[in-house]
Amino acid sequence: SHSVSLVNLVANTMVSSFLVGQAPNGSALTPDGGRAFIVNYLSNTVSVADTSTNRVTDTVQVGLTPTRVAFAPEGKAAFVTNAIGSSVSVINTTDLSVANTISISSGGSTLARPDGVLVAIGGKRLYVALYGDGFGSEVEVFSTETSNVIDLIPVGDGPFAMALVP
């Protein structure tokens with residue numbers, strides 16, 4: 001379906017459901033909780049929903065087959081991985097424009113296919129898991145200030161998600 005459902009986790013009930021783009025995949029709330037960014041894999045878009053009304057207010061065109069989204073700590077930028085596009089779209093969350101597109105190098109992987117994304121080190125580092133259709137084996141690290149590659153971390157095959165350990 002092309003919809004997202006909101007669930008009350010205390011009552012285990014659906015609160016509302018609304019339409020988004022094709023094949024909604026990843027999603028995240030802005031740090032202030034005011035908006036949800038829903039990544040639409042087959043539409044190559046991100047639906048932006050107001051969490052107070054549970055309605056889509058905007059749609060942002062991004063790269064080919066977007067998969068995940070993560071926010072800078074202050075919420076001024078959203079980073080969207082684009083698997084087939086081998087890139088990260090950087091969305092300015094104030095005007096909802098794509099402010100930058102970061103190209104992913106495949107490193108040692110056969111295919112880059114970026115998937116998981118994480119912002120850390122006080123918002124200064126962007127970590128991108130290079131899934132590579134299951135054959136990738138790196139996490140590429142970027143500076144959020146310059147978009148330059150800082151490091152390529154070897155990991156196990158097919159990384160697609162990451163977690164930050166304090």
- Message: I need the minimum non-hydrogen distance between Ala72 and Pro31, along with the two atoms involved.
- Response: O-CG, 3.7 Å
- Message: Do Thr51 and Leu29 make a side-chain contact, defined as non-hydrogen atoms from C-beta onward lying under 4.5 Å apart?
- Response: yes
- Query: When rounded to the nearest 0.5 angstrom, what distance separates OG in Ser137 from CD1 in Ile153?
  - Reply: 12.0 Å
- Cluster overlap Leu96 with Val39, hydrophobic side-chain contacts below 4.5 Å: yes
- Message: Within the supplied structure, the quantity of interest is the number of heavy atoms (other residues, nucleotides, ligands) at a distance under 6.0 Å from Phe160 CZ; does it exceed 12?
- Response: no
- Note on the structure: Distance col, row His2:NE2 vs Ile38:CD1, nearest 0.5 angstrom, shows 14.5 Å
- Query: For the residue pair Ser3 and Pro24, what are the closest heavy atoms and their distance?
  - Reply: O-CG, 3.7 Å
- Message: Test: side chain to side chain donor-acceptor pair (under 3.5 Å). Region: residues 53-64. Which pairs qualify, not counting sequence neighbours?
- Response: Ser16-Asn54
- Message: If the condition is side-chain contact (heavy atoms from CB on, under 4.5 Å), which residues does Ala11 pass it with, not counting sequence neighbours?
- Response: Asn8, Thr13
- With Ala23, which residues qualify under side-chain contact (heavy atoms from CB on, under 4.5 Å), at least two apart? Tyr41, Leu42
- Message: Please enumerate all residues that pass side-chain hydrogen bond (donor to acceptor under 3.5 Å, both in side chains) together with Ser143, with sequence neighbours excluded.
- Response: Thr146
- Task: With sequence neighbours left out, write down each residue that passes side-chain hydrogen bond (donor to acceptor under 3.5 Å, both in side chains) with Ser97, or none if nothing qualifies.
- Result: Asp95
- If a pair satisfies side chain to side chain donor-acceptor pair (under 3.5 Å) and one of its residues is in residues 70-81, list it, with sequence neighbours excluded. Thr67-Thr81
- Task: Report yes or no: does Asn92 contribute a side-chain atom to a donor-acceptor pair with the main-chain N or O of Thr94 at less than 3.5 Å?
- Result: yes
- Item | Centroid-centroid under 6.0 Å between Phe71 and Phe79 rings | no
- Are Val117 and Ile104 co-members of a hydrophobic cluster defined by side-chain heavy atoms under 4.5 Å apart? yes
- Query: Remaining members of Ile84's ILVMFWY cluster at a side-chain heavy-atom cut-off under 4.5 Å?
  - Reply: Leu64
- Check whether Phe18 and Val15 end up in the same hydrophobic cluster, where Ile, Leu, Val, Met, Phe, Trp and Tyr are linked by side-chain heavy atoms less than 4.5 Å apart. yes
- Message: In the structure I gave you, are the side-chain heavy atoms of Val88 and Leu126 within less than 4.5 Å of one another anywhere?
- Response: yes
- Query: Same cluster or not: are Val4 and Phe37 linked, directly or through other Ile, Leu, Val, Met, Phe, Trp or Tyr residues, by side-chain heavy atoms under 4.5 angstrom apart?
  - Reply: no
- Note on the structure: When every non-hydrogen atom of Pro66 is compared with those of Gly63, the smallest separation belongs to CD-O, 3.5 Å
- Task: Identify, with sequence neighbours excluded, every residue that meets side-chain hydrogen bond (donor to acceptor under 3.5 Å, both in side chains) alongside Thr45.
- Result: Asn40
- Would Ile102 and Val90 count as a side-chain contact (heavy atoms from CB on, under 4.5 Å) if you check the C-alpha gap in whole Å, the side-chain angles of each, and the deciding distance to 0.1 Å? CA-CA 8 Å; Ile102 302 170; Val90 183; 3.9 Å; yes
- Looking at OG1 of Thr93 and CZ of Arg35, how far apart are the two atoms once the value is rounded to the nearest 0.5 Å? 5.5 Å
- Query: Does the side chain of Leu6 come within less than 4.5 Å of Met14's, by heavy atoms?
  - Reply: no
- Item | Pair Asn82, Ser89: side-chain N/O donor-acceptor within cut-off below 3.5 Å | yes
- Message: If hydrophobic clusters are built from ILVMFWY residues whose side chains come within less than 4.5 Å, do Met162 and Val119 share one?
- Response: no
- Query: Who passes side-chain contact (heavy atoms from CB on, under 4.5 Å) against Ser52, sequence neighbours left out?
  - Reply: Asp50
- To the nearest 0.5 Å, tell me how far Thr65 OG1 sits from Arg113 CZ. 7.0 Å
- side-chain contact (heavy atoms from CB on, under 4.5 Å) filter on Ala120, not counting sequence neighbours, yields Tyr127, Leu164
- Scan Val48, Val60, Val69 and name whichever one has a side-chain contact (heavy atoms from CB on, under 4.5 Å) with Ile91. Val60
- Closest non-hydrogen atom pair between Phe142 and Ile150, with its separation: C-CD1, 3.7 Å
- Query: Which atoms form the tightest heavy-atom contact between Thr144 and Arg125, and what is the distance?
  - Reply: CG2-C, 3.9 Å
- Could you pull out all residues at least two apart from Asn100 that satisfy side-chain hydrogen bond (donor to acceptor under 3.5 Å, both in side chains)? Ser147
- Note on the structure: Looking only at heavy atoms, the pair that brings Pro73 and Gly122 closest together is CG-C, 3.9 Å
- Contact list for residues 21-30, test side chain to side chain donor-acceptor pair (under 3.5 Å), sequence neighbours left out: Asn25-Arg68, Thr30-Asp32
- Item | Working for side-chain contact (heavy atoms from CB on, under 4.5 Å), residues Val141 and Leu152 | CA-CA 6 Å; Val141 184; Leu152 192 63; over 6 Å; no
